Each structure stands twice: as C-alpha cells, then as structure tokens.
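Every number for a ligand or one of its atoms is a count from 1 in the order of the listing. Just so we're clear, the structure is a prediction, and the values are computed from it rather than from any experiment.
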Amino acid sequence: MKYYDKLIFELSKSGRQGWSLPDTDARIELPAELMRSEEPQLPEVSELEVVRHYTNLSQMNFGVDTGFYPLGSCTMKYNPKINEEVACMPGFSQMHPLQPESTVAGAKAVLEGMDKALAAITGMKHFTFLPCAGAHGELTGLMLIKEYHIARGDKARTKIIVPDSAHGTNPASAAVCGFDIVVVKSRENGLIDVESLKPLLGPDIAGIMMTNPNTLGLFEKDIREIAELVHDCGGLLYYDGANMNALLGVVRPGDMGFDVMHLNLHKTFSTPHGGGGPGSGPVGVADKLLPYLNLPKVSGFHGNFGIILRAYAYILMLGKENVKLAGKYACLSANYIKESLKECFKLPIPGVCKHEFVFDGLLNDGAHDDVHGATTLDVAKRLLDYGFHAPTIYFPLLFHQAIMIEPTETESKETIDSFIEVMRKIAAEAAEDPQILHGAPHNTPIGRPDETKAARQPVLKF
Ligand SMILES: *Cc1c(COP(=O)(O)O)cnc(C)c1O
C-alpha cells in the first residue's frame, strides 16, 4: 500500500496528537446554541504524519515548479517568486474593494502602470482588466465589436470568421456572444489562405479572430493584407494574444492592424495557472473601440487584482530590454527541440517556427508500420514515466497525431537536452518494444483513466 492510498482519517490512531497547548482555565463562553453536542470527529495523528501526508499529496501533482512542462499553446513558463512576494505585501493583499479611493493610490498606480506597459507592448490604446481568463477576454472583446457595429446602425453584421487552426475558445466565445461562425481554411504551409478568405468577406461580417503566431507556431506573414481586406469590408480584427511570448518587444498587434485583443497574464506574463484559475485576460483596444471599452461589466471591481500585480512585477523586473529576450529565447528553445527531434517525429511543416511547433506523431518510413501502432497518446503517457509533463496532444485539429511542444524561455539547455534524449528513447522503444508504450505510464499514482469519464464524471471524494 502506498502513501496516497490512505486518507488522513485512516492514519488516525486514538490518543495520538500533533499539538500541545498550555493548561489554562481561560474559557470563552459561547451561547449554548453555538456549542457542539458531540466532539468533532477529527483525525488523531502526529505532527510528522501530518507533514508527510500533505507533502506527499502535494507531490502527486505535476507543476512547473516540479518539472519541465512543455504544454503547447499554454506557455507554462516559470513564475518568479518575486511576483508572489509582491502580491503578498499586506498593503495589497489586505485591501478591500470598497475602500475609499484616497487610501488605494498604490493599487491605482499599479493598474495605470500596467495599462501603460501593455499598451507599449501591444500597440493598443488602453486596456480593461475586468476579464478573468483568456476566453472571458475574448467574449469581452467580441462584445465591444458588437457594440461598435450596433452604435453605427450596422446591424447586419452577424458573422465572425475564425481560421481552422484557431484555439477552440475562439469559435466558442463568438457563439456565446451570439455570432455565427465562418471557418477560413489554412494552406498546406499552415497559414491562412488569403484567396479563400476573400469570398467570405461582405456586409454580414463583424470581424475575424486571429492568433499570430498561429497555433502551429507560424507567423501569419500576410497579416497586413488580411487586415486591409477585413477593414475594407467593414469588419474588425480581433487578436488572440493568449500566447504573446514570441512577439514580446518585437512586433505589436496594433501595428499589424488589429483593433481589439486580449492577453493571458497567466501565460505570457508568468502568473500561475492550471486547475481552473485564477487568471487574467485584459482586453486592449485601438482608437476605434475606445468609446466602448468600459461598457461590458464582465466582473466585479478590478478583476483578479492579485494576478495583475504579479504580472506587473514580472514586466518591471524584466524591463524594456529584457522583455525582448524572453521571446527570442522562447523561439530558440522551440526551434532547437524541433530540429533535434525531426529524425524521430513527423514534422508536417518544416522551417523556422516561433515559440512552439507541432509534430504529427512518430515518424515511420511509410512502407511498413515500424512504430507498431504507437500513437501520440502512447508517447505522451510514456513521457510521464520519465518525469516530464506531456505536451499538448491532438491539438490543433489539423493533424491526426498532433504533438504541440512549447518549451518557453525559462528552461536551461540541460533540461531541454534531457527532454530531447527522452523523446528519442521513446521513439526507439516504439520501434523495439511497443508494449512498454501501450501500457504507460507505469510509475504514476494513476495509470490510464478513461479520458472522457475522468473529465465528465470525476469522482472527487473517497
Ligand atoms: C489558453 C488560450 C486561450 C484561453 O485562455 P483561458 O484563460 O484558458 O480561457 C485562448 N486562446 C489561446 C490561443 C490560448 O492558448
């Protein structure tokens, strides 16, 4: 039996205790109706047992603080601890949202400073910090687009164009906002096909949502032409800046022609994420949309202030010059892995990538199945045995066996080299002893759960 097979209640032994308090007569009298009628059934365990139990539980989780986490389209970069220290300063952490404005000058300065910094990085005019996630930001941005058209009496614009490589939240947000979705195809080289975009444009188009670099890690080189075409038909351009890493300090969405965008502070700007929150998806706008920026009230007060604060600490710590290096190193890391592994994994779109790239499963020579049916899922599960988190798999949907790798700028060459070595080892295992892969993971507390049931019918209690 392993440590994680027992609840703290099962470790309980009558009379054992992990505390000691001085004998005293001091009593607080509570009204009778507030008193318990029987003793609480608390576990009786020693201090050491408590420490081990919770420390072991914490180790069952994989986080960026415990190992390499190359999750494409999710930027699991290191979250510097200085961010946490700043967010824990009592002047910030003890604030109440209804405090008089004169007592929160520091917090206001943070929001103003952040607005300026993000405007400088993105080329937008101003930001709202209300949205609490990327998808929340998308919805907010789309509401602004809708407001813009309606305010001009242009009520026929009911459609949003989304590329087939888009993050799933893009069409979902557009649908939630009441738009119909029109899909524009990518070409063989992974970029939007401008020729198939043209016939889609007309008086019913409210705008287009784009990610650049797109989810394949490729820069949409035709963005200027696309912006002109969409603007000419009366539509607006939405920029999904969840993963702005590659462009930081190099290229600005505002200069590419985008009118509105969101950033994921919990990806690009090094605040913690995973497990559902808390995040922050500030939305920035160009001149055209400025009058509408403060209309949607999508959350209370100033959004997730603690997250904004962490991101601000990160930006100030890097400074103007080093912000540029983050993106460059992120691109270097991604290209290094891609080139080192393309002998073993199928690289559908060769050439230089930005901060991430996509393999299409293990490489075999096509004449016979020399990887013995080992799938991307097998590779991902086997990686866990070697102590690495799996990359994003089966996304984007353009390839059947997609493995999307994003190393970020925060990993050392040694870590990246050991990841490359393990990926090569897994490719060799697939050719020589595929059963090892099919049964993986072998060393984790849980093996292979039913992926659908684990998400749809989670069992959250013992
Ligand atoms: C993560 C991501 C989103 C959604 O962000 P959430 O905070 O998870 O809602 C949107 N677009 C892209 C490209 C992303 O990677």
Side-chain angles (χ1 to χ4, degrees), residues 64 69-77 79 122 127-143 160-177 181 186 190 192 207-220 223 237-248 253 256 258 260-284 298-299 303-304 306-308 310-311 327 330 334 353-358 389 391-398 402 404-408 455:
V64 77
Y69 208 134
L71 200 64
S73 188
C74 258
T75 316
M76 296 299 288
K77 63 167 78 172
N79 309 141
T122 61
F127 277 80
T128 167
F129 292 95
L130 290 186
C132 294
H136 203 193
E138 290 169 25
L139 178 63
T140 309
L142 289 160
M143 288 162 88
I160 289 281
I161 301 174
V162 179
D164 56 3
S165 65
H167 194 266
T169 51
N170 289 187
S173 303
V176 169
C177 199
I181 320 298
S186 305
I192 287 186
I208 185 171
M209 296 181 87
M210 284 180 67
T211 311
N212 198 13
N214 63 26
T215 57
L216 297 168
L218 305 170
F219 190 80
E220 299 279 0
I223 184 57
L237 280 89
Y238 184 94
Y239 182 83
D240 178 340
N243 311 287
M244 252 236 3
N245 232 22
L247 303 193
L248 286 179
M256 291 184 226
F258 285 95
V260 49
M261 66 175 291
H262 81 270
L263 290 163
N264 277 25
L265 300 188
H266 50 289
K267 290 178 183 170
T268 307
F269 295 97
S270 94
T271 73
H273 69 109
S280 178
V283 166
V298 294
S299 76
N304 274 331
I307 295 296
I308 299 159
R310 284 171 174 86
C353 64
K354 292 291 176 286
H355 60 298
E356 64 191 5
F357 66 93
V358 179
H389 196 281
T392 298
I393 57 172
Y394 299 108
F395 176 80
L397 305 177
L398 299 174
M404 189 183 198
I405 297 177
E406 178 180 0
T408 84

Practice task
Give the intermediate values and the outcome of side-chain contact (heavy atoms from CB on, under 4.5 Å) for residues Glu138 and Val176.
Solution key: CA-CA 10 Å; Glu138 290 169 25; Val176 169; over 6 Å; no

Handout entry: Evaluation steps, side chain to side chain donor-acceptor pair (under 3.5 Å), between Ser73 and Glu406
Key = CA-CA 7 Å; Ser73 188; Glu406 178 180 0; over 6 Å; no

Exercise for the section: Could you name the protein residues that come within less than 4.0 Å of ligand 1, counting only heavy atoms, and order them by chain and residue number? Expected result: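 These residues qualify: Ser73, Ala133, Gly134, Ala135, Glu138, His167, Thr169, Asp240, Ala242, Asn243, Asn264, His266, Lys267.
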
Is there a donor-acceptor pair under 3.5 Å between the side chain of [X] and the backbone N or O of [Y]?
{"X": "Thr215", "Y": "His167", "answer": "no"}
{"X": "Lys77", "Y": "Lys267", "answer": "no"}
{"X": "Ser280", "Y": "His266", "answer": "no"}
{"X": "Thr271", "Y": "Ile307", "answer": "no"}

